[in-house]
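The structure displayed is predicted, hence computed values, not measured ones. Residue numbers count from 1 along this sequence.
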Amino acid sequence: MDLLYGPIRDYAWGSRSAIALLQGRPVPSAGPEAELWLGAHPGAPASIERAGSRVSLCDLVRDEPGQWLGRRVSDRFGNRLPFLLKVLAADAPLSLQAHPDAEQARAGYAAEAGRPPQERNYSDPYHKPELLVALTPFEALCGFRDPAESAESLDRFGVPALAPVVAALRTGPAGLRTAVRTLLGWPVAERAGLLGAVLAASTAGPDAELAHRLALAYPEDPGVLVALLLHHLRLAPGEAIWMPAGNLHAYLSGCGVEIMAASDNVLRGGLTPKHVDVDELLRVLRFEVLDDPVRVAESVGPGVDCWPVPVDDFALHRVRVSAGVPSVTLSLPGPRVVLCGAGTITADDGAGALTLASGQAGIGTAAGQPLRISGSGEAYVATAGLR
């Protein structure tokens with residue numbers, strides 16, 4: 001196992017404490033720390049030490065795919081690590097967003113060939129399903145809820161201009177596309193007035209509190225009202241949310257471990273100063289009710305849990321070792337990324353043992369033997385999801 005050095009992304013919505021506390025550093029940090037990236041994505045690759053210097057994991061995977069990926073992974077995904085593991089820490093809402101499925105990503109990437117990067121929706125030809133496991137209490141919006149509930153929520157604001165949106169929602173899931181298109185297509189000159197009327201409403205309840213909070217941060221963004229069409233979730237540590245392709249979502253606050261297919265394709269739908277391509281977003285979204293976006297961990301052995309997902313790009317296991325379960329051995333395919341989430345653990349893949357403190361990570365090649373984890377703490381193990 002090699003110690004993995006992951007870059008921290010300093011997006012403005014990031015926390016100044018969560019990742020620092022996880023890694024045992026002083027708080028507050030000098031600036032926002034939004035995401036710790038532990039993978040080989042070209043946007044911010046992690047690295048390991050070789051001969052006294054840092055070497056990008058992207059370069060190692062490209063130059064030595066047989067060793068790092070193994071034949072099964074490289075045959076299925078090409079010479080690239082198919083997953084990206086992150087620690088995400090949000091102190092402010094992220095944008096409303098959705099991700100394309102594999103076919104949409106390939107077609108969108110090809111159609112935009114030759115455009116300048118700033119005019120592209122697709123940065124690569126890959127899909128980006130995601131799973132996030134809460135490390136702390138975590139608040140998120142995820143997937144369309146029952147449109148009848150959304151209609152009642154918007155109607156309670158008593159804003160006459162919203163009547164066409166309410167009427168569309170009362171037709172059921174078939175009206176979701178019309179509702180979203182109407183809100184995101186609201187005339188720019190009228191947006192501040194619309195959200196001002198929402199802020200002035202005297203209605204109470206969780207939806208009103210959420211709308212007021214978001215509208216104060218984005219006073220001219222109709223995504224504030226699109227947010228009210230989604231499930232508003234509060235996860236306890238250990239609970240997870242699964243975000244398949246076409247699922248509109250946004251993280252609001254909290255810290256979690258996130259694993260995804262290694263892509264950076266994002267179609268935004270609001271709560272952002274960045275460009276929102278409404279037509280492309282509507283093409284990608286799935287206008288259906290997401291019945292239950294929450295995933296509860298399933299035990300797969302003493303000290304080992306997982307959150308099964310229907311993709312083969314990645315799998316995530318949580319290992320807890322202690323006096324009662326002093327060690328766990330996992331037979332998992334392909335390269336393994338191990339993140340210590342608490343305590344101190346030792347990961348040994350037969351090629352070498354690596355001791356990790358909280359917030360540190362290591363990686364082992366596909367040539368390694370079954371992975372043995374021991375110590376006293378918690379580890380998250382990311383692998384390809386090939387069965």
Side-chain angles (χ1 to χ4, degrees), residues 9 11 35 37-45 57-58 61-62 65 69 72-86 88 94-132 142-144 176-177 180-181 184 223 226 230 241-251 258-270 272 274-288 290 293 309-316 334 382-386:
R9 311 307 298 268
Y11 308 133
E35 295 180 344
W37 284 32
L38 300 168
H41 190 282
L57 193 57
C58 278
V61 169
R62 180 197 64 215
L69 300 177
R72 288 187 65 207
V73 172
S74 59
D75 283 352
R76 169 65 179 85
F77 299 103
N79 292 344
R80 64 184 190 95
L81 189 66
F83 62 85
L84 173 60
L85 183 68
K86 298 181 181 180
L88 181 145
L94 282 68
S95 62
L96 281 171
Q97 57 189 260
H99 310 297
D101 62 27
E103 182 178 349
Q104 290 167 337
R106 285 192 296 267
Y109 184 72
E112 293 180 346
R115 290 189 192 177
Q118 66 272 18
E119 296 180 9
R120 300 186 66 132
N121 290 306
Y122 298 91
S123 60
D124 57 65
Y126 308 116
H127 69 165
K128 193 188 177 188
E130 301 172 344
L131 176 79
L132 181 136
C142 185
F144 289 114
L176 282 169
R177 178 184 292 271
V180 173
R181 179 183 287 279
L184 294 184
V226 176
L230 308 180
I241 44 177
W242 160 241
M243 287 149 288
N247 171 47
L248 193 61
H249 62 277
Y251 300 141
E258 187 180 32
I259 188 167
M260 62 188 66
S263 169
D264 204 25
N265 285 326
V266 177
L267 282 301
R268 293 178 177 85
T272 176
K274 297 180 179 179
H275 174 65
V276 176
D277 187 334
V278 175
D279 289 338
E280 188 63 16
L281 176 70
L282 293 174
R283 192 181 74 83
V284 164
L285 284 181
R286 294 181 179 175
F287 291 100
E288 57 194 30
L290 186 63
V309 293
V311 296
D312 59 5
D313 305 76
F314 61 80
L316 185 67
T383 65
L386 298 173

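When all heavy atoms of Gly246 and Ala98 are compared, the closest pair comes out as C-CB, 4.4 Å. Taking each heavy atom of Ala315 and Ile259 in turn, the nearest pair found is O-CD1, 3.6 Å. Heavy atoms only, all atoms of each residue included: Tyr122 and Val284 are closest at OH-CG2, 3.6 Å. Among all heavy-atom pairs drawn from Pro45 and Cys58, the shortest one is CB-SG, 3.6 Å. Gly270 and Val276 make their closest contact through N-CG2, 3.8 Å (heavy atoms, listed as atom of the first residue, atom of the second, distance). Contact between Arg62 and Pro65 at its shortest, heavy atoms only, is O-CD, 3.5 Å.
Around the CD atom of Glu103, the shell of radius 6.0 Å holds no more than 12 heavy atoms that belong to other residues, nucleotides or ligands.
Leu96 pairs with exactly one of Leu281, Leu267, Leu230 by the side chain to side chain contact (heavy atoms under 4.5 Å, CB included) rule, that one being Leu230.
The shortest side-chain heavy-atom distance between Arg177 and Leu282 falls under the 4.5 Å cut-off. Side-chain atoms of Leu38 and Lys86, non-hydrogen and from C-beta on, never get closer than 4.5 Å to each other. Here the side chains of Glu35 and Tyr11 are in contact, with some heavy-atom distance below 4.5 Å. Considering only heavy atoms from C-beta on, Pro129 stays 4.5 Å or farther from Val309 through its side chain. In this structure, the side chains of Leu290 and Phe144 stay at 4.5 Å or more apart for every pair of heavy atoms.
Atom-to-atom distance recorded for Asn121:CG and Gln104:CD is 12.0 Å, nearest 0.5 angstrom. Between Leu131 atom CG and Phe83 atom CZ the span is 13.5 Å, to the nearest 0.5 Å. The CG atom of Leu94 sits 8.5 Å away from atom NE2 of His249, with the distance rounded to the nearest 0.5 Å. Note that NZ of Lys128 is 6.0 Å distant from CD of Gln97, once rounded to the nearest 0.5 Å. Of the inter-residue distances, the one linking Phe314 atom CZ with Leu85 atom CG reads 10.5 Å to the nearest 0.5 angstrom. Here the NE2 atom belonging to His99 is positioned 11.0 Å from the CG atom belonging to Leu285, to the nearest 0.5 angstrom.
Of the possible donor and acceptor atoms, one in the side chain of Asn247 sits under 3.5 Å from a partner among the backbone N and O of Gly143. Between the side chain of Glu130 and the backbone N or O of Ala261 there is no donor-acceptor pair closer than 3.5 Å. Judged by distance alone, the side chain of Arg268 and the main-chain N or O of Ser95 form no donor-acceptor pair under 3.5 Å. In this structure, the side chain of Arg120 engages the main chain of Tyr109 through a donor-acceptor pair within 3.5 Å.
Looking at Asp313 and His127, their side chains do bring a donor and an acceptor atom within 3.5 Å of each other. Side-chain contact annotation: Glu258 with Tyr251, donor-acceptor N/O pair under 3.5 Å present. Defined by atom type and a distance below 3.5 Å, a donor-acceptor pair is present between the side-chain atoms of Asp124 and Asn265.
Salt-bridge check for Arg283 with Asp277: failed, with every basic side-chain N at 4.0 Å or more from each acidic carboxylate O.
With Tyr126 as the aromatic partner, Arg80 meets the cation-pi criteria of under 6.0 angstrom to the ring centre and within 45 degrees of the ring axis.
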